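As structure tokens, the structure follows; a few thoughts come after it.
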Amino acid sequence: MLVEIGRVALAIVAFSLAVACLFNLMVGWEPWAKPAARFTAWRESRRPVVPLTRPLEELAVQARRLGRRFHHPPEGQRFEKCEAVRRAYDTVLAEASQALGVTTLLTVIAPGPELDLERQRVELALEESGFELGLPL
């Protein structure tokens, strides 16, 4: 009984090694490589393209809405609300900059005068590239 189990196990191991060797030989086999490459290219072409950012129309709407709230805050607005609007506006500007290929440091610079200058530069660059922010420039 034990001898039979040993023979079956040996046969399974030998078969597995043979299949693995055959597969490794066929991977580099030229007639097999071209159809495999074509199939891989076809499969990659069938995958849906995932955009890196939201649609520009949606970004423009958000940028106009947040820009008005950032540049003209309501009377008596709390600091936390002002800071939240500033962060959201900077995020939308950075996303629009990425979509249009404008270099920006809005997400890197700490709040202060340098960030304000960078925001003005990005707003001007986006306006010049045709992204309407609705700002009086």
Side-chain angles (χ1 to χ4, degrees):
M1 174 86 173
L2 190 58
V3 173
E4 292 297 319
I5 294 174
R7 285 183 186 165
V8 170
L10 183 61
I12 291 173
V13 169
F15 180 74
S16 299
L17 286 173
V19 168
C21 290
L22 183 63
F23 181 73
N24 283 336
L25 289 175
M26 290 184 72
V27 167
W29 190 39
E30 186 61 32
W32 189 258
K34 287 183 182 179
R38 279 196 304 254
F39 175 73
T40 302
W42 173 80
R43 187 180 61 203
E44 291 296 321
S45 70
R46 303 279 297 173
R47 288 189 179 171
V49 177
V50 179
L52 297 175
T53 62
R54 295 182 281 175
L56 282 176
E57 296 82 9
E58 183 180 334
L59 289 174
V61 168
Q62 291 292 322
R64 285 188 211 110
R65 181 181 64 83
L66 290 168
R68 281 191 302 270
R69 291 178 64 191
F70 173 73
H71 290 292
H72 307 290
E75 185 87 20
Q77 188 174 27
R78 294 173 42 188
F79 173 76
E80 292 84 8
K81 185 69 171 183
C82 290
E83 188 65 13
V85 169
R86 181 198 60 81
R87 286 184 187 163
Y89 184 51
D90 287 349
T91 302
V92 169
L93 288 178
E95 195 173 348
S97 298
Q98 180 186 6
L100 294 173
V102 176
T103 305
T104 180
L105 297 173
L106 286 173
T107 57
V108 179
I109 300 174
E114 294 87 12
L115 181 62
D116 295 336
L117 288 174
E118 176 67 8
R119 187 179 308 106
Q120 289 175 358
R121 185 194 67 80
V122 169
E123 288 172 342
L124 182 62
L126 289 174
E127 286 276 345
E128 287 176 351
S129 66
F131 190 77
E132 182 61 43
L133 292 172
L135 299 174
L137 298 177

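No experiment lies behind these values; they were computed from the predicted model shown.
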Going by the rule ring pair (Phe, Tyr, Trp, His ring centres under 6.0 Å), which residues pair with F131 if we only count those two or more places apart in sequence or in a different chain?
none
Listed partners of [X] passing salt bridge (charged side-chain N to carboxylate O under 4.0 Å, His left out), at least two apart:
X    : result
E132 : none
E80  : R78
R65  : none
R87  : E83

Residues pairing under salt bridge (charged side-chain N to carboxylate O under 4.0 Å, His left out) where one sits in residues 91-103, two or more places apart or in two chains, turn out to be R54-E95
Within residues 45-68 or reaching into it, pairs that qualify as ring-ring contact (aromatic ring centres under 6.0 Å, His included) - sequence neighbours excluded:
none
Pairs involving residues 87-116, ordered by first then second residue, that meet ring-ring contact (aromatic ring centres under 6.0 Å, His included) (sequence neighbours left out)
F70-Y89, H71-Y89
Let me confirm one number: the CD-CZ distance from E123 to R121, rounded to the nearest 0.5 Å.
11.0 Å
Please report the interatomic distance CD1(I12) to CZ(R7), rounded to the nearest 0.5 Å.
14.5 Å
Among residues at least two apart in sequence or on other chains, which ones pass side chain to side chain donor-acceptor pair (under 3.5 Å) with R119?
D90, D116
Which residues satisfy the side chain to side chain donor-acceptor pair (under 3.5 Å) test with R68, sequence neighbours excluded?
none
Flag the pair L115 / R86 as yes when at least one side-chain heavy-atom distance between them is below 4.5 Å, and no otherwise.
yes
Could you tell me if the side chain of L133 sits less than 4.5 Å from the side chain of L93, heavy atoms only?
yes
Enumerate, atom names and distances included, each donor-acceptor pair closer than 3.5 Å involving a side-chain atom of residues 98-106, sequence neighbours excluded.
from: T104; atom 1: OG1; to: L106; atom 2: N; distance (Å): 3.1

Please name all residues satisfying side chain to side chain contact (heavy atoms under 4.5 Å, CB included) with P113, sequence neighbours left out, ordered by chain then number.
none
Nearest heavy-atom neighbours spanning Q77 and C82
OE1-SG, 3.5 Å
